[in-house]
Amino acid sequence: MKITDARVVVCSPGRNYVTLVVETEDGLTGVGDATLNGRELAVASYLRDHVCPLLVGRDARRIEDTWQYLYKGAYWRRGPVTMAAIAAVDVALWDITGKAAGMPLYRLLGGASRDGVPVYGHASGATLDELAEDVQRHLDLGYTAVRLQASVPGLETTYGIAGEGVYEPADAPRPHEAAWESSLYLDFAPAMFARIREDFGYRVHLLHDVHHRLTPTEAGRLGAALEPYRPFWMEDPTPAEDPSAFRALRGHTTTPIAVGEVFNSIWDCQQLITERLIDYIRTAVSHAGGITHMRRIASLAELYGVRTGPHGAGDLSPVSLAAALHLDLAVPNLGIQEHMGHTGPYTEVFTHAYTFRDGYMHPGERPGLGVEFDEAAAECFPYEPRYLPVNRRLDGTVHDW
Ligand SMILES: O=NC(=O)[C@@H](O)[C@H](O)[C@H](O)CO
Ligand SMILES: [Co+2]
């Protein structure tokens with residue numbers, strides 16, 4: 001089954017997406033998501049200029065060989081751009097293979113390990129009243145797990161507060177600059193949880209994303225302060241380039257820890273998993289080398305009792321959400337899938353078979369991924385430069401965003 005064409009389409013139906021389209025001599029088409037928020041064109045070029053020409057003539061069914069060929073053949077290994085490009089190729093080839101087999105991808109991955117994929121939604125608010133309203137809205141939609149993010153009193157902006165609709169962090173043609181003060185946040189976060197537990201009790205799972213902003217000691221303090229409110233997880237509590245930082249953090253709190261959305265390979269995850277320093281690994285199929293590599297990460301995590309909690313923000317296209325759901329349905333150690341939702345007219349470009357109901361999602365039964373990509377429609381939504389914010393402490397020092 002030779003690949004006859006591989007091309008990259010950058011479009012912006014609601015937000016920028018990079019989609020790889022791979023075609024075979026049998027007339028089958030597979031798609032992959034190569035979106036890297038704020039650095040989209042780097043991955044588009046990596047694919048267009050260095051990968052797509054090498055795919056033509058290869059057998060689309062040799063998924064593992066293609067993965068090794070692109071990973072080891074690049075010489076310059078790992079990194080977000082390289083691994084997003086490899087991920088897009090990998091998912092497109094799994095899509096083609098599923099279509100050739102006439103089976104939805106999850107059946108090729110060992111079949112369903114559960115009836116549906118548990119997901120969490122994003123609730124946010126400029127005030128605790130607004131946050132409570134948004135939590136109620138998510139409960140009314142059927143979510144049983146909700147992430148809480150609220151404006152921090154004393155700070156002009158903070159992470160994760162949606163205006164109307166879905167939160168989109170890449171919101172300006174140049175990075176907007178946010179101001180941050182950890183002490184204000186540390187005083188506020190427990191009060192946020194206390195209010196939502198008071199309003200909604202303990203039946204709903206409550207998650208929270210610290211978004212890399214605390215020191216390990218501060219994160220330990222936050223984790224301990226949140227314990228009475230039983231968070232489902234505290235996400236990205238401290239930057240994870242140095243996994244040993246989590247040893248101290250782990251000793252301060254029993255609040256479950258989730259890390260990994262900015263990771264792009266199993267080696268980024270290895271120490272956190274093998275030392276049981278986290279409870280959930282959050283790598284995304286479109287950033288961490290695709291289904292082939294994510295399966296390895298999930299298997300390593302399973303050995304150590306760590307569950308997956310895949311990243312599923314709106315800047316991962318419907319193609320990668322579909323791929324994630326197929327993998328989520330099959331792996332034995334799924335924790336929960338992030339489902340932030342997508343903004344704008346994305347359904348004019350991406351049609352998908354996945355569904356949401358009562359807090360669970362299912363990838364559907366269409367062969368392959370179950371996502372169709374309309375290239376003609378995509379042309380109506382040209383790329384727009386959009387950057388993620390830069391965060392500074394009140395004294396002007398650049399801080400983690
Ligand atoms: O847990 N989800 C997140 O942290 C996301 O909202 C990330 O900020 C965006 O995907 C960055 O592009
Ligand atoms: Co996050």
Side-chain angles (χ1 to χ4, degrees), residues 12 14-18 33-43 80-81 83-84 87 119-124 134 138 143 145-150 157-163 165-172 175-176 178 180 185 189 205-214 219 222 231-240 256-264 268-269 272 278-288 308-321 324 328 335-343 346 384-391 399-401:
S12 193
R15 70 164 328 281
N16 292 318
Y17 294 115
V18 181
D33 180 20
T35 308
L36 188 64
N37 205 356
R39 294 296 183 272
E40 292 87 356
L41 300 187
V43 189
V81 174
M83 298 308 283
V119 294
Y120 71 89
H122 282 204
S124 70
D134 206 17
H138 280 81
Y143 283 94
V146 181
R147 189 185 83 167
L148 307 180
Q149 305 295 141
T157 61
T158 189
Y159 162 73
I161 311 305
V166 177
Y167 168 60
E168 166 52 65
D171 57 3
H176 84 251
W180 177 256
Y185 165 72
H205 289 308
L206 300 180
L207 303 84
H208 180 60
D209 195 346
V210 183
H211 225 260
H212 323 277
R213 296 169 182 223
L214 299 180
L222 176 63
F232 183 88
W233 79 32
M234 173 171 69
E235 178 185 338
D236 286 330
T238 193
I257 297 171
V259 177
E261 70 184 42
V262 298
F263 288 173
N264 53 74
D268 292 336
C269 314
L272 290 175
I278 57 174
D279 302 274
Y280 298 91
I281 187 69
R282 298 213 65 233
T283 41
V285 69
S286 54
H287 294 149
T308 62
H311 188 212
D315 47 274
L316 286 70
S317 90
V319 171
S320 56
L321 179 56
D328 293 342
I336 196 166
Q337 168 72 46
E338 178 177 19
H339 178 235
M340 185 170 161
H342 293 98
T343 55
Y346 71 95
E384 300 170 337
R386 284 286 180 276
Y387 288 89
L388 290 170
V390 168
N391 205 15
H399 192 62
D400 302 288
W401 171 70

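Indexing begins at 1, ligand by ligand and atom by atom, following the structure's order. Hydrogens, waters and symmetry mates play no part in the numbers below; they use all other heavy atoms, side chains included.
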Practice prompt. Could you check if a side-chain atom of Leu36 sits within less than 4.5 angstrom of a side-chain atom of His287, using non-hydrogen atoms only?
Written response: yes
Discussion item. Could you tell me if the side chain of Asn391 sits less than 4.5 Å from the side chain of Arg213, heavy atoms only?
Written reply: yes
Numbering as shown, the atoms of ligand 1 that approach [X] to under 4.0 Å (heavy-atom distance):
X: Glu338; value: 1 (O), 2 (N)
X: Trp401; value: 8 (O)
X: Ala313; value: 5 (C), 10 (O)
X: Asp209; value: 1 (O), 2 (N), 3 (C), 4 (O)
X: Asn37; value: 12 (O)
X: Arg147; value: 1 (O), 2 (N), 3 (C)
X: Asp315; value: 9 (C), 10 (O), 11 (C), 12 (O)

Nearest-neighbour protein heavy atom for [atom], which is reported as residue plus atom name and distance:
atom: atom 3 (C) of ligand 1; result: Tyr159 OH, 3.0 Å
atom: atom 8 (O) of ligand 1; result: His211 NE2, 2.8 Å
atom: atom 4 (O) of ligand 1; result: Glu261 OE2, 2.6 Å

Fill in: Nitrogen or oxygen atoms of Glu235 and ligand 1 under 3.5 Å apart
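It does: an N or O of Glu235 is found under 3.5 Å from an N or O of ligand 1.
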Worksheet item: Counting both backbone and side chain atoms, is some N or O of Arg282 under 3.5 Å from an N or O of ligand 1?
Response: yes
With a 6.0 Å cut-off on ring centres, are [X] and [Y] close enough?
X: Tyr280; Y: Phe232; answer: yes
X: Trp180; Y: Tyr185; answer: yes
X: Tyr17; Y: Tyr346; answer: no
X: His211; Y: Trp401; answer: yes

Worksheet item: Do the side-chain N and O atoms of Asn37 and Arg386 include a donor-acceptor pair separated by under 3.5 angstrom?
Response: no
Worksheet entry | Short side-chain to backbone donor-acceptor contact, Asn264 and Ala84, under 3.5 Å |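 Here the side-chain-to-backbone pair does not exist.
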Worksheet item: Any salt bridge between Glu338 and Arg282, counting N to O under 4.0 Å?
Response: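 So Glu338 pairs with Arg282 through a salt bridge.
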Discussion item. Of all the N, O or S atoms in Asp209, which has the shortest distance to the Co ion (ligand 2)?
Written reply: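 Relative to the Co ion (ligand 2), the closest nitrogen, oxygen or sulfur of Asp209 carries the name OD2.
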Worksheet item: How wide is the angle at the Co ion (ligand 2) between OE1 of Glu261 and OE2 of Glu235, to the nearest 10°?
Response: 80°
